[in-house]
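For the single chain, residues carry numbers from 1 onward in sequence order. Note that the structure is a prediction, hence the values are computed from the model and not measured.
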Amino acid sequence: MSLRIARIPPSEVEASLDAVARLRIVVFRDFPYLYDGDMESERDYIAKYRDSSNAIVIGAWDGETLVGAATGTPMEDHAAEFAAPFEDAGYALGEMFYCAESVLLQPYRGQGAGHAFFDHREAHARTLGRRWSCFCSVVRPPELQPPGYRPHDVFWGKRGYAPMPGVYAEFKWKDVGDTTETKKSWGWPI
């Protein structure tokens, strides 16, 4: 399978958001997110990529089908729940770029899309004069990890990211099988 990976032009982001939302719902249903998403919540959450003039959305296509996406925004344009831990740790939000989602359907993994997604977002952050690129990773108890699960820590480390001990955020969503939203803890590689 051959993937085409490119930035979605800002003028086309609005038309792409539902496809990105559907990818998030499918990919984040798996561990470690276990997210029971719906289109209404997704549309609310991902509107920031349409509304921020400095956001970026990258697509991965198999032919004409969007099979993956990555997003990013200046930290101050993202959710306050994600920004607060950095402010509390003494970081200036205006120096940070938040590499948000990287979602890719299972059959397309292992072909370099993850690196391409980060390359695009990091280059965009540099054009904005951002000193730091960061992202978050949901923290789940090890006993919930399914057999054969391979964390992304090695991949992130090879790209120069490292955990920030003691810097955590909380964000709420409904897990698969639950009826209500619960808070999840997020750790920060930078």
Side-chain angles (χ1 to χ4, degrees), residues 20-49 58 60 67-73 75 77-91 93 96-118 121-122 132-190:
V20 173
R22 284 189 291 276
L23 284 168
R24 280 178 42 92
I25 290 170
V26 169
V27 172
F28 287 160
R29 191 168 183 84
D30 292 337
F31 184 86
Y33 299 95
L34 305 174
Y35 171 60
D36 187 9
D38 62 79
M39 286 300 286
E40 183 179 342
S41 298
E42 283 299 306
R43 285 185 182 117
D44 289 344
Y45 178 78
I46 63 176
K48 64 183 64 64
Y49 307 120
I58 302 106
V67 297
T71 59
T73 63
M75 182 59 86
D77 290 354
H78 205 72
E81 297 92 338
F82 292 125
F86 285 104
E87 282 186 309
D88 294 346
Y91 286 87
L93 297 185
M96 305 193 80
F97 188 80
Y98 182 63
C99 296
E101 294 75 32
S102 289
V103 291
L104 187 65
L105 297 177
Q106 183 67 39
Y108 299 92
R109 295 178 189 167
Q111 298 180 46
H115 284 291
F117 287 162
F118 272 98
R121 291 181 294 193
E122 291 166 356
W132 305 103
S133 289
C134 62
F135 61 93
C136 63
S137 175
V138 67
V139 178
R140 292 284 190 171
E143 61 271 13
L144 291 181
Q145 186 172 310
Y149 174 73
R150 199 175 74 187
H152 300 339
D153 301 19
V154 171
F155 168 78
W156 295 329
K158 286 180 181 178
R159 291 207 57 95
Y161 291 91
M164 296 180 64
V167 180
Y168 293 96
E170 289 186 336
F171 204 74
K172 290 170 55 169
W173 70 81
K174 187 173 68 157
D175 279 354
V176 173
D178 287 353
T179 57
T180 59
E181 292 183 342
T182 56
K183 288 182 181 180
K184 310 320 183 271
S185 182
W186 292 79
W188 298 97
I190 190 166

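- Taking every heavy atom of both residues into account, Y161 and S133 meet most closely at CE2-O, 3.3 Å.
- Counting only distance, with no hydrogens or angles, the side chain of K184 and the backbone of T182 share a donor-acceptor pair below 3.5 Å.
- Summarising the geometry of D77 relative to K48, their closest heavy-atom pair is O-CB, 4.1 Å, with the distance given to 0.1 Å.
- A distance-only check finds no donor-acceptor pair linking the side chain of R121 to the backbone of G72 [under 3.5 Å].
- Between W156 and F135, the distance from one ring center to the other falls under 6.0 angstrom.
- The OH atom of Y91 sits 9.0 Å away from atom SG of C134, with the distance rounded to the nearest 0.5 Å.
- Between Y45 and H78, the distance from one ring center to the other falls under 6.0 angstrom.
- The nearest pair of heavy atoms linking G114 to F155 is C-CZ, 3.6 Å.
- Considering CZ of F86 and CG of L93, their distance stands at 9.0 Å, rounded to 0.5 Å.
- By the 4.5 Å heavy-atom criterion applied to side chains, C136 and Y98 are counted as neighbours.
- Across A113 and L104, no two heavy atoms sit closer than the pair CB-CD2, 3.6 Å.
- From L105, atom CG reaches atom CZ of R22 across 11.5 Å, with rounding to the nearest 0.5 Å.
- Judged by distance alone, with hydrogens and angles left aside, the side-chain atoms of R24 form no donor-acceptor pair with the main-chain N or O of V103 at under 3.5 Å.
- Taking CZ of F31 as the reference point, atom CZ of R140 lies at 7.0 Å (rounded to 0.5 Å).
- The CZ atom of F117 lies 12.0 Å from the SG atom of C99; values are rounded to the nearest 0.5 Å.
- Put simply, the side chain of W173 reaches to within 4.5 Å of the side chain of V138, judged on heavy atoms.
- In this structure, the side chains of L23 and E101 stay at 4.5 Å or more apart for every pair of heavy atoms.
- Minimum heavy-atom separation, A169 to E81: CB-O, 3.2 Å.
- Taken from OG in S41 to CD in E181, the straight-line distance is 6.5 Å, to the nearest 0.5 Å.
- Closest non-hydrogen pair, V167 versus P85, comes out as CG1-CB, 3.7 Å.
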Kindly indicate, with the supporting measurements, whether the criterion side chain to side chain donor-acceptor pair (under 3.5 Å) is fulfilled by K183 and S185. CA-CA 7 Å; K183 288 182 181 180; S185 182; over 6 Å; no
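- Sorted by first and then second residue, the pairs that involve residues 27-36 and meet side chain to side chain donor-acceptor pair (under 3.5 Å), not counting sequence neighbours, are R29-D36, Y35-E42, D36-K174.
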